[in-house]
Engineer: 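Below you will find the structure I want to go over with you.
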Amino acid sequence: MAHKLVIVESPAKARTIGGYLGRDYVVESSIGHIRDLPNSAADTPTKIKDQPWGRLAVDVDHGFEPYYVVPRDKKAHIAKLKKLLKDADELYLATDEDREGEAIAWHLLDELKPGKDVPVKRMVFHEITKQAILEAADNPRELAMDLVEAQETRRILDRLYGYEVSPVLWKKVMSGLSAGRVQSVATRLVVDREQERMKFRVASYWDLDGTFDAGSGHDPRIFPAKLYSVDDVRVARGSDFGNDGELSKRDRVHLTRADAESLAGALADTTYAVRSVESKPYTRKPYAPFRTTTLQQEASRKLGMSSSVTMSVAQRLYENGFITYMRTDSTTLSGGAVQAARTQVRELYGADYVPDQPRVYASKVKNAQEAHEAIRPAGESFRTPAQTGLSGDQFRLYELIWMRTVASQMKDARGESVTIRLGGAAADGRDVVFSSSGRTITFHGFLRAYVEDTDDTSKRRDDVETRLPALAEGEAVSAASVTPEGHETKPPARYTEATLIKELEEREIGRPSTYASIIGTILNRGYVYKKGTALVPAWLAFSVTRLLVEHFPRQISYEFTARMEDVLDDIAGGRRDRNTELAEFYFGSGDVEGLKTLVNELGDIDARELATFRVGDREEGINLRVGRYGPYLEGDEDGPFAGKRANVPDDLPPDELSVAKARELFANPAGEEIELGQHPETGLRVVAKNGRYGPYVTEQLPEDAPKKDRPRTGSLFKSMSLDTITLEDAVKLLSLPRVVGEDADGVEITAQNGRYGPYLKKGTDSRSIDSEEKLLSITLDEALAIYAQPKQRGRAAAQAPLKELGNDPVSGQPVVVKSGRFGEYVTDGEYNATLRKDDSVEDLTLERAAELLADRRARGPAKKAAKKGAKKAPAKKTAKKSTAKKATKKVAKKS
DNA sequence: CAGTGAGCGAGCTTCCGCTTGACTT
């Protein structure tokens, strides 16, 4: 029977909506985007691979035309959708109403290609309630192609940014690194904050902490107050100092310890009078319902969940129908949800807590696309946490969301905040004022249900009460105690996952669906690491950020994304043109240099300079350098540490690398070594360390040993670890190479560990052996037996194929799968093709193997001599010719 | 930044945004 096919983005949404729409409709999901630019060479179609822009999959010379592919794991799903469409008489594209959703709708249309007799409609809704869905089905619109263009612009710009700038980092900093519009700015935020911390100079300041007695009859009778001013000049507090440790405000008196102590002494006999009592009404509005970022922040503060844990717990709640969609930038509640919340407030707290009018929360997020509701309990009436039957993290997160939603429809908290100033004269004639502030809450309102936590420990939570006595102006008060108190300013706090995400949102960088993964990216790349909950930048991030700031200032600027959003809005509104904008970004225009130009001009970037950071002043002569094996210190040629180097522990936060710390590291450059004891024969100290080639043991020669005496070393066997290694093991390792014996001609055979693993050596003839343990145990007979065998030429060749697939349709040669140095590959005897990411030996068919081989063949014979100059002539003459051609062509393109 | 001996298929890394998968006992 014919039906109408509705396609939404999320399977859980499809289920819900299917229930609302009834039997005439079949509701399916796209499961997000269904097509995208190929993300790696393996997925790039052969026909564009050899184009100069093939790596980008965007034809930058012809209108920035993108080449989309359906990812392998989506193919089956597309087939399913096509099948459903076959029996449909109408297609409703009901993806989210935002830029990405509009693009998904267009991709669906372009990929499913409905027949002319199947009308296509675009259906949009912002809340998943029966009424909203039915209305949406009755009021479809057309696809907004300008919005699709805006999304394409965003997609292409991100591709060009990421895939052009990342290779610059591979060349100049380290292979495998990445740069992108979002991650690079996120990293920069963390680096900039650390640099502020490094520049930070602490300020010490003092004040007086007083305890005052309001006299009997007052409740409370005793109350605290702090020194506020001396001779009408305000006493400096922490916020009055800048990061340089200097007072940043005028008209402040900076008290030292001596000042504070002498003033306290002079106040010993002072009596005080109330100078002023200022009372203001205190009102506090409830917080808006959760959106993705605020949920992540509160789950972090209240439940200690990381952003990724929060999202996956929320995902499960969503899939099981407990909450609405969790990736949203909207704080809007549907009418039904508002009613449900108000009902719940009445039931739980009484009618007094229900405001007359429902509360409406406008979005605070600048580039909000508001395709969804706020995150709230699902349904038209809310289940209390106890009614859900949930447990563990799901229960706790649901409870948080429920409380927040309910509280958002409660009355304001009301009360009074009071400031009391007490004045008195010191023995030396100075006039002093103490100040005390209190807060009383007369009606808690929403605070009974939910109080937001704060990241800033100096801020009071909204529900904290401090009661003060009801004093009147002129009333006399005595001091119970006046104590000098010392304080120090604190450096700006490091970002946590939650505060970094908050910062990114405020700067319009990233989207709800990506906040958690942005953190994942910068952690995975090694740009930042976590120390407790704090995000600490690695030195690598300093190098990368420096390169980007110096050479891609526009792209790495904090405003880049916000400006891009404005442009995209204009494209979506038909006021600007996609190609003009992309061309400006990529090729430049007027005095704006394009990305392409910047990338091409990078030959002169000095990688060494980029990776060098001065520690302390020039005179100290200390540099930190970011090396392939991590950060290390190096002395200036003309400085006190000339020629010296020292490892810097990977987990030493950059702001803790003081000059003193650097000197300490120079003094003990060995870094972390594990003391194993004294060698029973030589009496030398034996230690285990981590080195360039992994963990190893070595012995410490006496300081006065001649320089050419090298200490013996030995890599740990794979079966050993630095945690468990014993002196006994170490002694064995140091005994290598071991003399196994002599052959019939009197040539010595030794056993040792090398770059390619354990092996035997007889003169210049070496043979691999199969276990490291055998280095210690192999006998002369066994060794002679190995040498009696002819030498194997190459490990790969010696191994039997993993699988035989039959004959290749092109070459007619048998195709086999083998395991080699670079992983598994297929070969027909002439060409070898490495298996791609998604291939497995088990599932590999001859068809797929032939595809890989054809792909490989299309790129021509292996180019052996191309790189390091021809050492040996390649076996095949024909191969040599085309190799040379290929190589020249490539060079020409690069320059 | 410890120090080592052969000869072996080179080819790939990377962006941001949408959304959930998961071969088995």
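A note on names: the letters A, B, ... follow the listed sequences, proteins ahead of strands, and every chain is numbered from 1.
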Engineer: Once you apply a heavy-atom cut-off of 4.0 Å, does A:Gln752 come out as touching a base, just sugar-phosphate, or nothing?
Structural biologist: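 Result for A:Gln752 = nothing.
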Engineer: Using Watson-Crick and G-U wobble pairs whose two distances are both under 3.5 Å, how do you write the pairing of DNA chain B as dot-bracket, with | for links to another strand?
Structural biologist: .........................
Engineer: Within 45° of the ring axis of A:Trp106 and under 6.0 Å from its six-membered ring centre, is that where the NZ or CZ of A:Arg122 lies?
Structural biologist: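 No - A:Arg122 does not lie over the ring of A:Trp106 by the 6.0 Å and 45° rule.
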Engineer: Using the ring-ring contact (aromatic ring centres under 6.0 Å, His included) rule, take A:Tyr67 and A:Trp53 through it: C-alpha gap first, then chi angles, then the decisive distance, then the call.
Structural biologist: CA-CA 11 Å; A:Tyr67 282 76; A:Trp53 42 267; 5.2 Å; yes
Engineer: Please name the pair of heavy atoms, one in A:Leu734 and one in A:Gly714, separated by the smallest distance, quoted to 0.1 Å.
Structural biologist: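 Looking at all heavy atoms of both residues, the shortest contact is CD2-N, 4.2 Å.
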Engineer: From the list B:dC18, B:dT14, B:dT19, which nucleotide is the closest neighbour of the side chain of A:Arg525?
Structural biologist: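 Looking only at heavy atoms from C-beta outward on A:Arg525, the closest nucleotide is B:dT14.
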Engineer: Rounded to whole angstroms, how far apart are CD on A:Glu152 and P on B:dC18?
Structural biologist: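 Rounded to the whole Å, the gap is 16 Å.
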Engineer: When all nucleic acid strands are considered with a 4.0 Å heavy-atom cut-off, which category describes A:Gly101: base, sugar-phosphate, or nothing?
Structural biologist: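 Counting heavy atoms under 4.0 Å across all strands, no contact is made by A:Gly101.
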Engineer: Can you find an N or O donor on one side and an acceptor on the other, under 3.5 Å apart, linking the side chain of A:Ser10 with the base of B:dT19?
Structural biologist: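 No such pair is found, so the answer is no.
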Engineer: Quick one: do A:Thr293 and A:Glu505 satisfy side-chain hydrogen bond (donor to acceptor under 3.5 Å, both in side chains)? Show the steps, please.
Structural biologist: CA-CA 8 Å; A:Thr293 53; A:Glu505 182 187 48; 2.9 Å; yes
Engineer: With sugar-phosphate meaning primed atoms plus P, OP1 and OP2, does A:Arg181 contact a base, only sugar-phosphate, or nothing at under 4.0 Å between heavy atoms?
Structural biologist: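 Sugar-phosphate, backbone atoms only, no base.
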Engineer: Among B:dT20, B:dC15, B:dG17, which nucleotide has an atom closest to any side-chain atom of A:Arg511?
Structural biologist: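 Closest of the options to the side chain of A:Arg511: B:dG17.
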Engineer: Identify the two heavy atoms, one from A:Thr292 and one from A:Met326, that lie closest to each other, and give their separation to 0.1 Å.
Structural biologist: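 Where A:Thr292 meets A:Met326 most closely, the heavy atoms are OG1-O, 2.8 Å.
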Engineer: Scan A:Tyr318 against the nucleic acid and name what it touches under 4.0 Å (heavy atoms): base, sugar-phosphate only, or nothing.
Structural biologist: sugar-phosphate
